[in-house]
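Data first, discussion second: the structure below is written as structure tokens.
The basis for the numbers below is simple: all heavy atoms, side chains too, and nothing from hydrogens, waters or symmetry mates. Naming convention: chains lettered A, B, ... in sequence-line order (proteins, then strands); numbering from 1 in each chain.
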Amino acid sequence: MEPRRRPARHEAVKPPPEATHARIHAAVARIPRGRVATYGQIAALAGLPGQARLVGYALHALPAATGVPWQRVVNARGEVSRRSDPGGHEALQRVILEHEGVRFDARGRIPLARFQWRPRGRPRRGP
DNA sequence: ATGCTGACTATGT
DNA sequence: TACATAGCCAGCA
């Protein structure tokens, strides 16, 4: 481990990006197998409401083999988002998800009504 | 410092 | 349902 540089007094007033990424990774890590969550959902869970794009950034910056289930994050339409990076594992994402039991419809989208993870999945007793 | 881009989303046509 | 726009913020030229 490399010793971490302590921020000078005039900087680091706001939470470092690293912490933001860590929060996002932690939120993604909570998604159970066989379920998916949207970028916006993860942002809110990480305490960054409305910052869905940052989730995409954090995952893009995520090194491989970290154990974070990045493949379980999809966009609000239930589809695997397009990468700008040609080497993106966009196709792999779908393969992994299907292997985990997530199903895609004919349009290549995941029925969120059925596969979206619901942290609050409280058992409601009908009205 | 400024301007653009991007693994996004909500809203309006 | 599909497309266009505005809002959001971090990274990079």
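Regarding A:Glu79, its CD atom lies at a distance of 13 Å from the C1' atom of B:dT9, rounded to whole Å. If you measure from atom CD of A:Gln116 to atom P of B:dC8, you get 16 Å, rounded to the nearest angstrom. Computed from coordinates, the A:Leu59 CG to C:dA10 C1' distance equals 14 Å when rounded to whole Å. Note: CG (A:Leu54) to P (C:dC9) measures 8 Å, nearest angstrom. If you measure from atom CZ of A:Arg53 to atom C1' of C:dA10, you get 11 Å, rounded to the nearest angstrom. C:dC8 atom P lies 17 Å from atom CD1 of A:Ile24, rounded to whole Å. Between the CD atom of A:Gln71 and the P atom of B:dA7 there is a distance of 18 Å, given to the nearest Å. A:Ile42 places its CD1 atom 13 Å from the C1' atom of B:dC8, with the value rounded to the nearest Å.
Comparing B:dA7, C:dC9, C:dT1 by their nearest atom to the side chain of A:Gln93 picks out B:dA7. You'll find that the side chain of A:His60 is closest to B:dA7, out of C:dA10, B:dA7, C:dT1. For A:Trp70, whose side chain is taken as the heavy atoms from C-beta onward, the closest listed nucleotide among C:dT1, B:dA7, C:dA10 is B:dA7. You'll find that the side chain of A:Ala76 is closest to B:dA10, out of B:dA10, C:dT1, B:dA7.
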All N/O donor-acceptor pairs, side-chain side in residues 40-64 of chain A, below 3.5 Å, sequence neighbours left out:
{"unit_1": "A:Gln41", "atom_1": "OE1", "unit_2": "A:Thr38", "atom_2": "N", "d": "3.2"}
{"unit_1": "A:Gln41", "atom_1": "OE1", "unit_2": "A:Gln116", "atom_2": "NE2", "d": "2.8"}
{"unit_1": "A:Gln41", "atom_1": "NE2", "unit_2": "A:Trp117", "atom_2": "O", "d": "2.8"}

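Side-chain atoms of A:Arg83 stay outside donor-acceptor range of the base of B:dG6, with no qualifying N/O pair under 3.5 Å.
Atom CD of A:Gln71 is separated from atom CZ of A:Arg33 by 9.5 Å, given to the nearest 0.5 angstrom. The distance from atom CZ of A:Arg107 to atom CZ of A:Arg77, rounded to the nearest 0.5 Å, is 10.0 Å. The CZ atom of A:Arg94 sits 4.5 Å away from atom CD of A:Glu98, with the distance rounded to the nearest 0.5 Å.
Dashed line: the shortest gap from a side-chain N or O of A:Ser84 to OP1 or OP2 of B:dT5 is not under 4.0 Å.
A:Arg72 and A:Glu100 are joined by a salt bridge, as a carboxylate oxygen and a charged side-chain nitrogen come within less than 4.0 angstrom of each other.
Using a 4.0 Å heavy-atom cutoff across all strands shown, A:Arg109 reaches sugar-phosphate atoms only and no base atom.
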